[in-house]
Colleague: 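Sending over a structure as structure tokens; questions will come in a sec.
Any value given below was found using the heavy atoms of this structure, including those in side chains, with hydrogens, waters and symmetry copies removed. Both counts, for ligands and for their atoms, begin at 1 and track the order of listing. Keep in mind the model is a prediction, meaning the values are calculated, not measured.
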Amino acid sequence: MDRIKKLCAYLEKCETFADVACDHGYCAEYMLANNLCERALISDISAKSLSKAEKLLSDYIADGKCRAVVCDGLEKIESSVEQVLIAGIGGEEIVKILKNSYIPRFFVFQPMKNARTLREYLLNNGCALCADDIFTDGKNYYFVIKGSRAQDNKNGSNCYTKAQLAYGRDSLNNPVLREYLQEELNKKREYLSRGMSENSRAALSEDARFIEGVLSGEFN
Ligand SMILES: C[S@@+](CC[C@H](N)C(=O)[O-])C[C@H]1O[C@@H](n2cnc3c(N)ncnc32)[C@H](O)[C@@H]1O
């Protein structure tokens, strides 16, 4: 639940909110219970997953403050919805959802992997990112990307350094990133002490050198 609490802190007060790929629906519950939105949409590709959120939010559904829809990504979510959260799925999956539909007006994305792919896509499609950070629930690390589809980023991903693109602009000033990178580096060094093909060793060594460079400030 610590992840949900920290993730929800990135959400803004709005009129309409959509929790896409909501599963349990805890984020929509946070928005509604704290009067942070007038209306909420909850959606999931799986009817079984969505039923958990429907149960949790049944009073809001009965009051007409929340509507549930089974759909793939943003397929059945109107583009007029003010703020969209997509959390807990991969960055490539989120990009696929955006390519198939649209980039929401205001968004908070929390990809479980491939955050760089998502970051690059958003920057190269005119988005302004107001938070591009990392947080931890004490066990795992999560990248979070918050922004809007405003067309005020003409430079695309060129405005980011190599390290910012890899780990997020704001993460570089966040001590949580150092913890994460140190853990990643230790894992890579441990793998490197084992037997593996030349190609795998070269790729892993390059990754480790990049992390060392980020930690030393070389690529920042
Ligand atoms: C790990 S849960 C994340 C739940 C919640 N968003 C969170 O961050 O805790 C992932 C959910 O995403 C749903 N999902 C995966 N791909 C999806 C897609 N393309 N569109 C909608 N829902 C999707 C799954 O059915 C599952 O319920």
Colleague: Is there a heavy atom in Lys96 that sits closer than 4.0 Å to ligand 1?
Modeller: no

Colleague: At what distance is the nearest protein heavy atom to atom 7 (C) of ligand 1, and which residue and atom is it?
Modeller: Arg3 NH2, 3.2 Å

Colleague: Using 0.5 Å steps for rounding, measure from the CG atom of Leu36 to the SG atom of Cys27.
Modeller: 12.0 Å

Colleague: If we only count N/O pairs under 3.5 Å, is Ile45 in contact with ligand 1?
Modeller: yes

Colleague: If you group Ile, Leu, Val, Met, Phe, Trp and Tyr by side-chain heavy-atom gaps below 4.5 Å, do Phe17 and Phe106 land in one group?
Modeller: no

Colleague: Is any N or O atom of Ala87, backbone or side chain, closer than 3.5 Å to an N or O atom of ligand 1?
Modeller: yes

Colleague: Work out which heavy atom in Ala21 is nearest to a heavy atom in Ile89; give both atom names and the distance.
Modeller: CB-CG2, 4.3 Å

Colleague: Is the shortest side-chain heavy-atom distance between Asp44 and Val69 below 4.5 Å?
Modeller: no

Colleague: Applying a heavy-atom cut-off of 4.0 Å, say which part of Cys71 lies close to ligand 1: side chain, backbone, both or neither.
Modeller: backbone

Colleague: Assess the side chains of Tyr141 and Glu179: does a donor N or O sit below 3.5 Å from an acceptor N or O?
Modeller: yes

Colleague: Should the ring pair Phe210 and Tyr167 be called parallel, tilted or perpendicular, given that the plane angle runs from 0 to 90° and is split at 30 and 60?
Modeller: parallel

Colleague: Exactly one of Phe135, Tyr10, Tyr180 should register a ring pair (Phe, Tyr, Trp, His ring centres under 6.0 Å) with Phe143. Which one does?
Modeller: Tyr180

Colleague: N/O of Glu93 under 3.5 Å from N/O of ligand 1, yes or no?
Modeller: yes

Colleague: I need the contact type for Ala21 against ligand 1. Using non-hydrogen atoms and a strict under-4.0 Å cut-off, is it side chain, backbone, both or neither?
Modeller: both

Colleague: Looking only at protein heavy atoms, which one is nearest to atom 15 (C) of ligand 1, and how far off is it?
Modeller: Ile89 CG2, 3.7 Å

Colleague: His24 near ligand 1, heavy-atom distance under 4.0 Å?
Modeller: yes

Colleague: Can a donor-acceptor pair be found between the side chains of Arg119 and Gln164 at a distance below 3.5 Å?
Modeller: no

Colleague: May I ask you to list the atoms of ligand 1 that are less than 4.0 angstrom from any heavy atom of Asp72?
Modeller: 18 (C), 19 (N), 20 (N)

Colleague: Look at the side-chain heavy atoms of Ile, Leu, Val, Met, Phe, Trp and Tyr, link any pair under 4.5 Å apart, and say whether Tyr142 and Tyr30 land in one connected group.
Modeller: yes

Colleague: Please state which protein non-hydrogen atom is closest to atom 20 (N) of ligand 1 and give its distance, to 0.1 Å?
Modeller: Gly73 N, 2.8 Å

Colleague: Give me the nearest non-hydrogen protein atom to atom 1 (C) of ligand 1 as residue plus atom name, then the distance to 0.1 Å.
Modeller: Gly88 O, 3.5 Å

Colleague: Can you tell me which portion of Cys27 lies within the under-4.0 Å heavy-atom range of ligand 1? Options are side chain, backbone, both, or neither.
Modeller: neither

Colleague: Could you tell me, atom by atom, which parts of ligand 1 come under 4.0 Å of a heavy atom of Ser49?
Modeller: 25 (O), 27 (O)

Colleague: Side chains of Asp19 and Tyr26 only: does a donor on one sit below 3.5 Å from an acceptor on the other?
Modeller: no

Colleague: Go through ligand 1 atom by atom and flag the ones less than 4.0 Å from a non-hydrogen atom of Ser46.
Modeller: 25 (O)

Colleague: Measure from atom 24 (C) of ligand 1 to every heavy atom in Asp44, Ile94, Ile97, Asp23 and give the option owning the shortest one.
Modeller: Asp44

